Visitor: 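Can you read through this structure? Questions will come right after.
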Amino acid sequence: MPQASLWSLFQLQGRVIGALMLRELHTRFGRENLGYLWIVGEPILFCMGVAIAWTAMRPPHEHGLPITAIVLTGYIPLTMWRHCLLSAVKAFEANGSLLFHRQVTPLDIITARVILEVMGTLMAGLIVATGAFLLGYMTPPQDYGLLYLGILFHIAFSLATALLVAALSERSEMIEKTITIFSYLSLPFSGAFAMVSWVSPHFQKILLWSPSVQSIEMIRGGQFGETAHAKFNIIYAISINFILILLGLSLTLRVRKFIKVQ
């Protein structure tokens, strides 16, 4: 039956992605000491360090919102995006030998990396946010639905940019060399450290073109409720992420001829 055949195909690709995830964990972190736990430990150290530094240096509240919660709701999504972005550079070349197996595709390789980064960052974010809540620096989210929607959009954006960078870095050495610089230059347009309502109306229009700003505004709207005055457009967020993922998939499905197996 066609349906059974399609389901079997999905099951097969799911097993392939699972095996690639385990291989990636072993390659990056090994089995010594903390081993696989570093996929969570590394984002925890980043997020916790930034949150502690901002909490110590800045006033307790900014624009009526607790500074610790502002930092965490911005820096955790930013960490997810940057980790997905940087892990995508030359991802196909690094795993090129695996493409000799008929079941393994470039899409499987980048999907496995993105899933690992997303899971690690979300688990780290949950742990750090729980600690901030227990210490009295955060309160429970006001709107869980909007919070989860923002996280979903940010995962989609992280996947889209990973697909684009993975495919383009195989085509152009300039992309490979400049992507780290780009990730830093894009920080003002990420929405991580300031809300749209805090800046001038002219700059608000520019910021709202950014898919990252859209999703982080939703996350903060879910965390703080109406007091955050979050600005976002769900229709635009759906459209831009769909277009970016479609472009990323198109490039990824055509990338094999550019991959140099080492």
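Since the model is a prediction, treat every value here as computed from it, not as a measurement.
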Visitor: Can you find a side-chain donor-acceptor pair between Trp54 and Thr68 that sits under 3.5 Å?
Guide: no

Visitor: Report the C-alpha distance between Leu251 and Val255 in whole Å, list the side-chain angles of each, state the deciding distance to 0.1 Å, and finish with yes or no for side-chain contact (heavy atoms from CB on, under 4.5 Å).
Guide: CA-CA 6 Å; Leu251 290 171; Val255 77; over 6 Å; no

Visitor: Identify, with sequence neighbours excluded, every residue that meets salt bridge (charged side-chain N to carboxylate O under 4.0 Å, His left out) alongside Arg254.
Guide: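 Arg254 satisfies salt bridge (charged side-chain N to carboxylate O under 4.0 Å, His left out) with no other residue.
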
Visitor: Ignoring hydrogens, what is the shortest heavy-atom contact between Leu20 and Ala112? Give both atom names and the distance.
Guide: CB-CB, 3.7 Å

Visitor: Side-chain heavy atoms under 4.5 angstrom apart, residues restricted to Ile, Leu, Val, Met, Phe, Trp, Tyr: same cluster for Ile109 and Ile179?
Guide: no

Visitor: Heavy-atom distance under 4.5 Å between the side chains of Val213 and Ser190, does that happen here?
Guide: no

Visitor: Is it the case that the side chains of His229 and Ser197 hold a donor-acceptor pair, with the cut-off being a distance below 3.5 Å and no angle test?
Guide: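 The criterion, which ignores hydrogens and geometry beyond distance, is not satisfied for His229 and Ser197.
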
Visitor: Could you tell me whether the side chain of Pro77 reaches within less than 4.5 Å of the side chain of Ile219, counting heavy atoms only?
Guide: yes

Visitor: Does Phe203 CZ have over 12 foreign heavy atoms under 6.0 Å away?
Guide: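 Yes, the 6.0 Å shell around CZ holds more than 12 heavy atoms from other groups.
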
Visitor: Hey, does Val71 have a side-chain heavy atom less than 4.5 Å from the side chain of Thr55?
Guide: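 A side-chain contact under 4.5 Å is absent here.
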
Visitor: List, by chain and number, the other hydrophobic cluster members for Ile216, where Ile, Leu, Val, Met, Phe, Trp and Tyr join if side-chain heavy atoms come within less than 4.5 Å, directly or indirectly.
Guide: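 In the cluster with Ile216 there is nothing else; it is isolated.
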
Visitor: Which atoms form the tightest heavy-atom contact between Ala230 and Gly221, and what is the distance?
Guide: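 It is CB-CA, 3.9 Å.
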
Visitor: Roughly how far, to the nearest 0.5 Å, is the CD atom of Glu176 from the OG atom of Ser169?
Guide: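 Rounded to the nearest 0.5 Å, the OG-CD separation comes out at 6.5 Å.
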
Visitor: Answer yes if Leu135 and Met48 sit in the same cluster of Ile, Leu, Val, Met, Phe, Trp and Tyr residues linked by side chain heavy atoms under 4.5 Å apart, and no otherwise.
Guide: no

Visitor: Is there a side-chain contact (heavy atoms from CB on, under 4.5 Å) between Met195 and His63 once you walk through the steps?
Guide: CA-CA 10 Å; Met195 296 199 64; His63 295 268; over 6 Å; no

Visitor: Could you tell me whether the side chain of Val199 reaches within less than 4.5 Å of the side chain of Ile206, counting heavy atoms only?
Guide: no

Visitor: Just wondering, more than 12 heavy atoms not from Met123 lying within 6.0 Å of its CE?
Guide: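 Not more than 12 within 6.0 Å, no.
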
Visitor: Go through Cys84 and Leu159 one step at a time and tell me if the side-chain contact (heavy atoms from CB on, under 4.5 Å) criterion holds.
Guide: CA-CA 7 Å; Cys84 288; Leu159 171 63; over 6 Å; no

Visitor: Measure the shortest side-chain to side-chain distance between His83 and Leu116 over non-hydrogen atoms and say whether it is less than 4.5 angstrom.
Guide: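 The answer is no; the side chains never approach within 4.5 Å.
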
Visitor: OG/Ser215 to CG/Leu152 distance, rounded to the nearest 0.5 angstrom?
Guide: 10.0 Å

Visitor: For residues Ala124 and Ile44, report the shortest heavy-atom separation together with the two atoms involved.
Guide: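 Ala124 and Ile44 have their closest heavy atoms at CB-CG1, 3.4 Å.
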
Visitor: Are Leu247 and Leu163 grouped together when hydrophobic residues (ILVMFWY) are joined by side-chain heavy atoms under 4.5 angstrom apart?
Guide: no

Visitor: Using links of under 4.5 Å between side-chain heavy atoms of ILVMFWY residues, direct or through other members, which residues join Ile234 in one cluster?
Guide: Leu146, Leu149, Phe153, Met218, Phe232, Ile238

Visitor: Within a 6.0 Å radius of atom OH on Tyr236, are there more than 12 heavy atoms belonging to other residues, nucleotides or ligands?
Guide: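 More than 12 heavy atoms, drawn from other residues, nucleotides or ligands, come within 6.0 Å of this atom.
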
Visitor: How far apart are the C-alpha atoms of Arg220 and Thr73, what are their side-chain angles, what is the distance that settles it, and do they pass the side-chain hydrogen bond (donor to acceptor under 3.5 Å, both in side chains) test?
Guide: CA-CA 6 Å; Arg220 285 178 172 148; Thr73 51; 3.1 Å; yes

Visitor: With a cutoff of under 4.5 Å between side-chain heavy atoms, which Ile, Leu, Val, Met, Phe, Trp and Tyr residues group with Phe133?
Guide: Leu134

Visitor: Which heavy-atom pair separates Ile110 from Ala91 by the least distance, and what is that distance?
Guide: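 Taking every non-hydrogen atom into account, CD1-CB, 4.2 Å.
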
Visitor: Please say yes or no: joined through hydrophobic side-chain contacts below 4.5 Å, possibly via intermediate residues, are Leu187 and Trp81 part of one cluster?
Guide: yes

Visitor: Which heavy atom in Cys47 sits nearest to a heavy atom in Ile76, and how many Å separate them?
Guide: SG-CG1, 3.7 Å

Visitor: Side chain of Gln204, backbone of Val196: donor and acceptor closer than 3.5 Å?
Guide: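 Here the side-chain-to-backbone pair exists.
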
Visitor: Show the nearest heavy-atom pair for residues Pro59 and Ile67, with the distance to one decimal.
Guide: O-CG2, 3.3 Å

Visitor: Distance from Gln214 atom CD to Lys231 atom NZ, nearest 0.5 Å?
Guide: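 Those atoms lie 11.5 Å apart.
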
Visitor: Looking only at side chains, do Ser183 and Arg82 share a donor and an acceptor under 3.5 Å apart?
Guide: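 On atom types as modelled, these side chains qualify, holding a pair under 3.5 Å.
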
Visitor: For the atom pair CD1 (Ile240) and CD1 (Ile245), what is the distance rounded to the nearest 0.5 Å?
Guide: 10.5 Å

Visitor: Here's a test for you: under side chain to side chain contact (heavy atoms under 4.5 Å, CB included), which of Val128, Leu72, Thr130, Ile70 qualifies with Met138?
Guide: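 Checked Val128, Leu72, Thr130, Ile70 against Met138; only one passes side chain to side chain contact (heavy atoms under 4.5 Å, CB included): Leu72.
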
Visitor: Within the 4.5 Å heavy-atom criterion, are Ile115 and Met21 side-chain neighbours or not?
Guide: yes

Visitor: Salt bridge between Arg58 and Glu62, side-chain N to carboxylate O under 4.0 Å?
Guide: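 Looking at Glu62 together with Arg58, the answer is yes, because their closest N to O distance falls below 4.0 Å.
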
Visitor: Nearest 0.5 Å, what's the NE2-OG distance between His154 and Ser212?
Guide: 4.5 Å

Visitor: Taking the six-membered ring for Trp, are Trp209 and Phe189 ring centroids under 6.0 Å apart?
Guide: no

Visitor: Checking the side chain of Thr121 only, and the main-chain atoms of Val118 only, is there a donor and an acceptor separated by less than 3.5 Å?
Guide: no

Visitor: Measure the CG-OG1 distance between Leu86 and Thr161 for me, rounded to the nearest 0.5 Å.
Guide: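 Leu86 atom CG to Thr161 atom OG1 measures 10.0 Å (nearest 0.5 Å).
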
Visitor: Transitively linked via ILVMFWY side-chain contacts under 4.5 Å: Phe182 with Phe193?
Guide: yes

Visitor: With clusters built from Ile, Leu, Val, Met, Phe, Trp and Tyr whose side-chain heavy atoms come within less than 4.5 Å, directly or transitively, what are the remaining members of the cluster of Ile235, listed by chain and number?
Guide: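 ILVMFWY cluster around Ile235 holds nothing else.
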
Visitor: For Met174, I'd like to know if atom CE has over 12 heavy atoms of other residues, nucleotides or ligands within 6.0 Å.
Guide: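 For Met174, atom CE is not crowded (no more than 12 foreign heavy atoms under 6.0 Å).
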
Visitor: Determine whether Leu147 and Ile151 make a side-chain contact, defined as any pair of heavy atoms from C-beta on separated by less than 4.5 Å.
Guide: yes

Visitor: Please tell me whether Thr105 and Asp108 have a donor and an acceptor in their side chains that are separated by less than 3.5 angstrom.
Guide: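 Checked: Thr105/Asp108 side chains pair up, N/O donor to acceptor below 3.5 Å.
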
Visitor: Kindly write out the residues that satisfy salt bridge (charged side-chain N to carboxylate O under 4.0 Å, His left out) with Glu217, not counting sequence neighbours, or none if the list is empty.
Guide: none

Visitor: What's the verdict on side-chain contact (heavy atoms from CB on, under 4.5 Å) for Met80 and Glu117, showing C-alpha distance, side-chain angles and the deciding distance?
Guide: CA-CA 6 Å; Met80 178 196 298; Glu117 299 298 350; 5.9 Å; no

